[in-house]
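Following: one structure in structure tokens, then a few remarks.
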Protein chains: 2
Amino acid sequence: MNETAQRIITSAEAMIREGGYYGFSFRQIADELSIKSASVHYHFPTKEALGSAVAENYTERFVQQLGDFSDQGAIQHYLGLFTASLKNDGRACLCGILAGEAGKIPESLRIALQEFSQKNVTWLQGAFAQLHPQWTAEECRKAAMIFFSSLEGAMVFAALNNRPEHLTEIGESLLQFLSKK
Amino acid sequence: MNETAQRIITSAEAMIREGGYYGFSFRQIADELSIKSASVHYHFPTKEALGSAVAENYTERFVQQLGDFSDQGAIQHYLGLFTASLKNDGRACLCGILAGEAGKIPESLRIALQEFSQKNVTWLQGAFAQLHPQWTAEECRKAAMIFFSSLEGAMVFAALNNRPEHLTEIGESLLQFLSKK
DNA sequence: GTCTATAATTTGATAGAC
DNA sequence: GTCTATCAAATTATAGAC
């Protein structure tokens, strides 16, 4: 992956998280990087290829940041990743943004998003198992699904209403509720 | 609102809930209704006008279905509306779908979505207050925000992974957790 | 109220020079 | 690897006949 390709991915990710898959074009990216759209096509032949690359790159970076789910305060750390992301650049998670368009985006992109969500749920399931050894695997899986999908929902809700603080509020409350199982 | 306008709104809502605001066009709607795109423009001069009309119509119908929040089992009824919607037509809530594109949709549409979310939270706050008289107004508001945004997240998560049953699962679990405050 | 016709722009994508 | 030039198709939108 050379430098230009990396800059294209960075620019595309920002645009997608701003307005979804149909909210960006090759020309907009080219303009932002002061290159031509043909050059973007050289690195990513189709929009589908670029979209998938963005999703895979996003997943890879996110998983790296996740670290080990058996660490102390793993779930608090997880929550921190979401709130920091929204506060820093004012944009919600790529997966939450694109999930709404799931019915019309290219299949390879939809699959990449499904993988992102599955990896998150699996990681969280492990973290909950570590935190609550008395819980069954099924209870951990359910808590993980709730926590992940609720945070995604809270992010887009917070972004829609321009209230990033709602994400923190909701995330903390969720953790309290979930620990009372 | 005449019949053609109503059919246009119905068609547009289905398409938006399938692929978002940029996932439908005047021509697609015209084709589906066997009319011409110019006729669609006669009823709704701009795409923004049509989008807003869809959101306002959706909110109106949803609020009607909500009924009185002081009824017995109001929150269970609320949850039923969401699960039925996803199971019947396989599509998530309009608000959850469009929230991801919030950064790039016309302002009037974004405002209509904000109003939808606010009305839901207000209704739920009343329902929680009725159900748990010992809770403070702030606790009810927080529970309402959590329940609404989590259900929206669960809907798009369930739709993304083609697992409508996840919405029921998550919704029921959430109610259990929320009642333990 | 619906149509034909068309304008103006944008889109994803390609050919070929350098 | 980036460019110019261009294509075919789709987009939102309008003018004017019926």
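The chains referred to below are lettered A, B, ... by the order of the sequence lines, with proteins before strands, and numbering in each begins at 1. Every heavy atom of this structure was used, including side-chain atoms; hydrogens, water molecules and symmetry mates were not.
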- Does a salt bridge link B/Glu138 with B/Arg141, judged by any charged N lying under 4.0 Å from a carboxylate O? yes
**Study point:** Pair A/Gln130-A/Ser70, side-chain donor/acceptor within less than 3.5 Å
**Key:** no
**Prompt:** Is NZ or CZ of A/Lys47 both nearer than 6.0 Å to the six-membered ring centre of A/Phe24 and within 45° of the ring axis?
**Reply:** yes
| query | Going by distance alone, is a donor N or O of one side chain under 3.5 Å from an acceptor N or O of the other, for B/Thr168 and B/Thr83? | reply | no
Would you call A/Lys119 and A/Glu115 a salt bridge, using N to O less than 4.0 angstrom?
no
Contact check, residues 46-54 of chain B vs DNA chain D, heavy-atom distance under 4.0 Å, returns B/Thr46, B/Lys47
Basic-acidic side-chain contact under 4.0 Å: B/Arg91, B/Glu18: yes
query = Parallel under 30°, tilted from 30 to 60°, perpendicular over 60°: which one fits the rings of B/Phe128 and B/Trp135?
reply = parallel
Any side-chain donor paired with an acceptor under 3.5 Å for A/Gln118 and B/Asn161?
-> yes
What residues 14-42 of chain B contributes to the DNA chain C interface at heavy-atom separation below 4.0 Å is B/Arg27, B/Ile35, B/Lys36, B/Ala38, B/Ser39, B/Tyr42
Looking at side-chain heavy atoms only, is the closest gap between A/Gln6 and A/Asn57 below 4.5 Å? yes
Contacted region of DNA chain C by chain B, from 5' end to 3' end of the hits, cut-off under 4.0 Å to heavy atoms, spans C/dG1 to C/dT6
- [ ] Check the side chains of A/Arg110 and A/Ser52 for a donor-acceptor pair under 3.5 angstrom, ignoring hydrogens and angles.
- [x] no
